[in-house]
Novice: 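Quick one: the structure is below, and I'll ask about it shortly.
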Amino acid sequence: MSGREAGTREAGNGAEPGAAAASHAAGIAPEVLEEVAAEIGTPAYVYDGRALDAGVRRWTEAVPPEDILYSVKANSNLSVLRRLASHGIGLEAGTWGEYARARRSGVPSDRVTLGGVPKDETTVRSVLKAGVGLAVFQAEGEVEAAARHADPGRPTPAGVRVLPGIRAGAHPSLETGAADAKFGFAPDEVPAVWRRLAETPGLEPTTLAVHLGSGLDDAAPYVTALDLLLDVAGELGGHGPAVRALDVGGGLGVDYEAGDAEGDPDPGELARRLRRRMEERAGEEAPRLRFEPGRSVCARAGVVLTRVQYGRERGGRPALVCDAGYSDFPRHVLYGAHHDIGPIRGEGRGPADVAVLGPTCESGDVLGVGRSLHGVEADDLLVVRDAGAYGFVMASNYNSRPRPPEVLVDGDDWRPIRDRESLDDLWRGETKHLLDD
Ligand code: LLP
């Protein structure tokens, strides 16, 4: 696995390393980007369909498709979900909205997993009623809600999310397996939960799950987590049926500093290490090994296409103000994440001291700093790379800016897969409440 830093590496406010890396990860031709900009405008999210396929294939070459549950939260556009699911993989949905998206994209209920993230009673009830391949519970209230709404005539396979107490090396906001995290049951609580599920008509415990965090580049914490899950599974005899699957969650990172996927942590290597461990420990009786990748499937496949509004000096340093900002793509602001930013043709040049800023009324609206983008002028097009995961899904309407459109490219062809929001979209649900004077 790559020793390079991956995922959501934190960067300071100064110059960032790797600023000149400019190879075009998402493989979208400049002519296509120009056409998109001319026809539907900027900012826009542009995804490369073939890169999405490649992102799934990195997993399907190593893991049977039914054991891969793409995490919908990373990119939940209906056309993207349909494209990814066409490879035979399942989907992990953490909310009723994500579940509904998965189904609306055409994926049957038995290929959807309700993920082990905090859920309210309405979500649990709605999903159990609609049908789901597996529902993972991570707090007592969720188990009790499931007991109230499960249908004894149609049992739902159930999973228990375990809090492993492992700090896996993610950005602090994205560590989810440490002992003080809010997710899951402590290992010693699991037998009672398993028993409760086994005794509840309409629920059938099958799976133990963890999710260690996001943006990881090392297999070691996964191996530690697998060991723990096997230990816990070994203690469930007498509390209900044997464990049929161990779900090690998502979290595999992307080396955002590098221009392409070559050095990214390898799903195949992770799967092999875990399978070997499983065989050593569980032999023939080994449960299935399942994964919930998000970022590693689709981050490389998308860019934010933006037009430079103007250039200016900021405290003696050059800056470019663009029409995409942190409300469109907040990863730098939220996590200090580095995303390569470059012109659509050729490479950026000059000293790595250019700040790339968004248009909203905050000085903190930053897409990247310390970039080699001298010579870039007003009206030029730029791409923020590796924005296919946790991009559009985290966009907001701050400053009443309509969220950008999304576009899917296949070679020289492209088509919109979501419209730019309109003004009506901005005040949907408000106008009927306007009071007459
Ligand atoms: N499974 C569960 C239960 C999760 O909570 C997550 C992500 C995944 C799978 C997928 O993880 P991935 O393979 O994508 O790392 N907004 C942040 C990422 C938050 C991830 C939350 N959970 C970012 O922009 O980096």
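Computed from a prediction, not measured in an experiment: that's the story for all the values here. One-based numbering, in listed order, for ligands and for the atoms of each.
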Novice: Please state which part of Leu174 comes within less than 4.0 Å of ligand 1, counting heavy atoms only: side chain, backbone, both or neither.
Specialist: side chain
Novice: Quick one, Val190 and Leu236 - any side-chain contact, counting heavy atoms below 4.5 Å?
Specialist: yes
Novice: Mind checking whether Arg161 has an N or O less than 3.5 Å away from an N or O of ligand 1?
Specialist: no
Novice: Which word best sums up how the rings of Trp59 and Phe291 line up, parallel for under 30°, tilted for 30 to 60°, or perpendicular for over 60°?
Specialist: tilted
Novice: Tell me which part of Arg295 gets within contact of ligand 1: side chain, backbone, both or neither, using heavy atoms under 4.0 Å.
Specialist: both
Novice: Only heavy atoms of Pro293, strictly under 4.0 Å: list the atoms of ligand 1 that pass.
Specialist: 13 (O)
Novice: Does Arg277 pair with Glu280 as a salt bridge, N-O distance under 4.0 Å?
Specialist: yes
Novice: Hey, which atoms in ligand 1 end up nearer than 4.0 Å to a heavy atom of Met394?
Specialist: 16 (N), 24 (O)
Novice: Below 4.0 angstrom from a heavy atom of Gly294, which ligand 1 atoms are there? Numbered from 1 as shown, please.
Specialist: 12 (P), 13 (O), 14 (O)
Novice: So is Ser296 touching ligand 1 or not, going by heavy atoms under 4.0 Å?
Specialist: no
Novice: Is there a donor-acceptor contact under 3.5 Å linking the side chains of Ser327 and Arg401?
Specialist: yes
Novice: Check for me whether Gly251 has a heavy atom closer than 4.0 Å to any atom of ligand 1.
Specialist: yes
Novice: Between Tyr256 and His339, is the ring centre distance below 6.0 Å?
Specialist: yes
Novice: Looking at Thr306, Asp328, Asp323, which one forms a side chain to side chain donor-acceptor pair (under 3.5 Å) with Thr42?
Specialist: Asp323
